[in-house]
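Lettering of chains follows the sequences in order, A, B, ..., and the numbering in each one begins at 1.
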Amino acid sequence: MGAMSVKVRMAPSPTGFQHIGGVRTFLFNWLFARQQGGENLLRIENTDTSREVAEATEHVQESLRWLGIDWDGPVRFQLDTADRARDLAHQLVAEGKAYEDDGAIRFRQPTDGTVSWVDAVRGRIEFQNDKLADLVIVRSDGRPTYNFVSPVDDMLDGITHVIRGEDHVSNTPTQINILRALGADLPVYAHVPNINGEDGRKLSKRHGAVSAAEFRSAGYLPAAMVNFLALLGWSYDDKTTIMSRHELVERFSLERVVRSPATFDYKKLDWMNGVYLRNLEPQEYAHDLLRWLREQGIDWDERTVCASAPLVQEKIERFGQYPDMCRFLFEPVSPDGADPRICAAARDRLATVEPWEASRIEDALRELAEELGEKPRAAFGPIRLAVTGAKVSPGLFESLELLGRETSLERLGAAAAG
RNA sequence: GGCCCAUUCGUCUAGUGGCCUAGGACACCGCCCUCUCACGGCGGCGGCACGGGUUCGAAUCCCGUAUGGGCCUCCA
């Protein structure tokens, strides 16, 4: 047969929410597996089977599904191999490669020489064996520990490439020694850099959104998230930034993953999401927007939402900005501060516009502005305020058309009276 | 404290000894467009952490220092 095929794994901890940094690491696993035509497993690193774990597990899957990061075969659980790991630990004891200590079992590290490996992203890394502590591999209560089960599972699953966060670099020499003691082949290790907040510390709540779910409810598109995340610690060349999922799969390589940690740039994500939003077909944009609104529990009229979609497509970079921008189409507004004189004149002029469509409305209002001796900018401001209740809105004429003559005149009238 | 890792514009990065008076993108600033906000166009600001080597030549190689991070749990 051909060369051994690639098999990687995504190994989340069931913590209740999926950190975006973890997602990035999973994305690298996924990109690598898909590009190599290999397998990508999902293995939950659980140590118990509580209801919380079950919910967290479901949450992880939901986040990955949202982003289109799929996995092969059933979801695996670290706990499932606990018995097997325990047996292997006893085998190591029998062979003198581990020993009992206060009821626990400790792995006996080699006392001299070095352990090293050629990391697929960081190059050669070497540790002195005598600096490695004898690791507890089975607790006194019989539960195997993470740093034992993890390599054991990798061995059992036939993992060829361990792609994980750089915080595992220090665990690697011990895991390698364990694998060797077990007589297993070593996988290729690839330690990818961390993602930090602006202060150089681990990305956390105080920096902004951190979980996949938060980005979802803020109105980011999966394709934009994937593109952005892929570029955090990896690049294709010196000028390409917008890449489709397909292009990413085609171009990804571990060799081009950088070694230094990256800072999460929310503004760049916003920009990129805007690019993706603007590139959507109008139909698709309206559809995605509507779906997002429904996910948020906002039940604004579907036809109006769809009709307003083209008005905002070039104006917002996240769906989360839509409600504030278009609320006036669905809820009453308060026209505080709108110049009564202009609003009254606009109401009178608009009353006879026929038919009620943007271009006619525009003609009428421009004429009016000229008659009033006002610059368009000065004349339209009060009208916008009266009709949309805000200083920023979609195009004024289109907004008026969408709102309808009746409501528009009402609002103008209210502002004229106020 | 010990071990390991990292260090190019504010941010993500290109760069693997001469193509670099260091390129791109985001952000920022200015101008243009313009009914607001955006979009788009044009221009600008801005960086090789520091110090020693090696070399005809260093962002690129070596050593040291500084700074930041990770691990050192019967956590994962």
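The base of B/C39 lies outside donor-acceptor range of the side chain of A/Arg278, with no N or O pair under 3.5 Å. Looking at A/Ser393, its side chain has no donor and acceptor atom pair within 3.5 Å of the base of B/C37.
Residues A/Met325 and A/Glu166 each lie close to RNA chain B; by heavy-atom proximity, the contact nearer the 5' end of the strand is made by A/Met325. When each of A/Asp199 and A/Pro12 is assigned the nucleotide of RNA chain B bearing its nearest heavy atom, the one mapping closer to the 5' terminus is A/Asp199.
Atom NZ in A/Lys315 sits roughly 5 Å away from atom C1' in B/C37 (whole-Å rounding). What separates CZ of A/Arg349 from C1' of B/C35 is a distance of 17 Å, to the nearest Å. The CG-P distance, from A/Asn227 to B/A25, rounds to 15 Å in whole Å. Remark: C1' of B/A76 and CG of A/Leu79 are 13 Å apart, rounded to the nearest angstrom. The distance from atom CZ of A/Phe264 to atom P of B/U13 is 12 Å, rounded to the nearest whole Å.
Contact annotation: A/Arg377 side-chain N/O to B/U34 OP1/OP2 distance is not under 4.0 Å. The shortest distance between the side-chain N/O atoms of A/Ser235 and the OP1/OP2 oxygens of B/A14 is below 4.0 Å. Look at A/Ser170 and you won't find any side-chain N or O under 4.0 angstrom from OP1 or OP2 of B/C72. The phosphate of B/A6 has neither OP1 nor OP2 within less than 4.0 Å of any side-chain N or O from A/Arg122. Contact between the side-chain N/O atoms of A/Arg366 and the OP1/OP2 oxygens of B/C35 is found at a separation under 4.0 Å.
The side chain of A/Arg384 sits closest to B/C35 out of B/C39, B/A27, B/C35. Of the candidate nucleotides B/G23, B/C74, B/C3, B/G23 has the atom lying nearest to any side-chain atom of A/Asp238. With B/C26, B/C74, B/A76 as the choices, the nucleotide that has an atom nearest any side-chain atom of A/Lys267 turns out to be B/C26. Looking at the side chain of A/Pro261, the nearest of the listed nucleotides B/U11, B/A6, B/A76 is B/A6. Listed nucleotides: B/A76, B/C26, B/A14. Nearest to the side chain of A/Val258: B/A14. If you check B/C74, B/C71, B/A6 against the side chain of A/Asn171, the one that comes closest is B/C71. Side-chain proximity of A/Val169 to B/C74, B/G70, B/C4: nearest is B/C4.
Looking at heavy-atom distances under 4.0 Å, A/His168 makes contact with a base. Base contact: A/Lys391 has a heavy atom under 4.0 Å from a base atom. A/Leu396 comes within 4.0 angstrom of a nucleotide base, judged by non-hydrogen atoms across all strands. Among the protein residues, A/Gly233 comes within range of the sugar-phosphate backbone only, with heavy atoms under 4.0 Å from sugar or phosphate atoms but none that close to a base. A/Ser150 comes within 4.0 angstrom of no nucleic acid atom, judged by non-hydrogen atoms across all strands. The residue A/Arg259 sits close only to the backbone: its heavy atoms come under 4.0 Å of sugar-phosphate atoms, none of a base. Residue-level contact check: A/Val312 touches neither bases nor backbone, having no heavy atom under 4.0 Å from any strand. As judged by a 4.0 angstrom heavy-atom cut-off over every strand, A/Gly200 is placed among residues touching the sugar-phosphate backbone only. Across all strands, A/Ala262 comes closer than 4.0 Å only to sugar-phosphate atoms, never to a base (heavy-atom distances). At a threshold of 4.0 angstrom between heavy atoms, the contacts of A/Arg256 are confined to the sugar-phosphate backbone, with no base atom among them. Using a 4.0 Å heavy-atom distance criterion, A/Asp141 is classed as making no nucleic acid contact.
Not one N or O on the side chain of A/Ser235 forms a donor-acceptor pair closer than 3.5 Å with the backbone of A/Leu231. Formation of a donor-acceptor pair under 3.5 Å by the A/Gln35 side chain with backbone atoms of A/Phe252 is found in this model.
Aromatic pair A/His161/A/Phe32: ring centres closer than 6.0 Å.
Pairing partner, B/G1: B/C72, with both Watson-Crick or wobble hydrogen-bond distances short of 3.5 Å. When both pairing distances are held under 3.5 Å, B/C35 makes no Watson-Crick or G-U pair with any nucleotide shown. The partner of B/A25 is B/U11, judged by Watson-Crick or G-U wobble contacts that both fall below 3.5 Å. Both distances falling under 3.5 Å, in either a Watson-Crick or a G-U wobble arrangement, place B/A6 opposite B/U67. Nucleotide B/C45 is matched to nothing when pairs are restricted to Watson-Crick or G-U wobble geometry with both distances under 3.5 angstrom.
Using P as the reference atom, B/C9 and B/A49 are 7 Å apart when rounded to the nearest Å. Atom name C1', nucleotides B/U21 and B/A25: the rounded distance is 22 Å, in whole Å. Rounded to the nearest Å, the gap between the P atom of B/A38 and that of B/C31 is 15 Å. Taking atom P in both B/C4 and B/A22, the straight-line distance is 36 Å, to the nearest Å. Only the P atoms considered, B/C72 is 25 Å distant from B/U65, to the nearest whole Å. The gap from the P atom of B/G23 to that of B/U16 amounts to 15 Å, rounded to the nearest Å. Remark: the separation of the C1' atoms in B/G46 and B/G10 is 9 Å, to the nearest Å. Separation of the C1' atoms belonging to B/A14 and B/C19 is 14 Å when rounded to the nearest angstrom.
A/Glu95 is linked by a salt bridge (Lys or Arg N to Asp or Glu O under 4.0 Å) to A/Lys97, counting only residues two or more places apart in sequence or in another chain.
The closest side-chain heavy-atom distance from A/Met10 to A/Leu64 is below 4.5 Å. At a threshold of 4.5 Å between non-hydrogen side-chain atoms, the residues A/Phe77 and A/Thr57 count as touching.
Between the side chains of A/Ser308 and A/Tyr322, at least one donor N or O sits under 3.5 Å from an acceptor N or O.
Between A/Phe319 and A/Trp292, the angle of the ring planes lies from 30° to 60°, which puts this pair in the tilted group.
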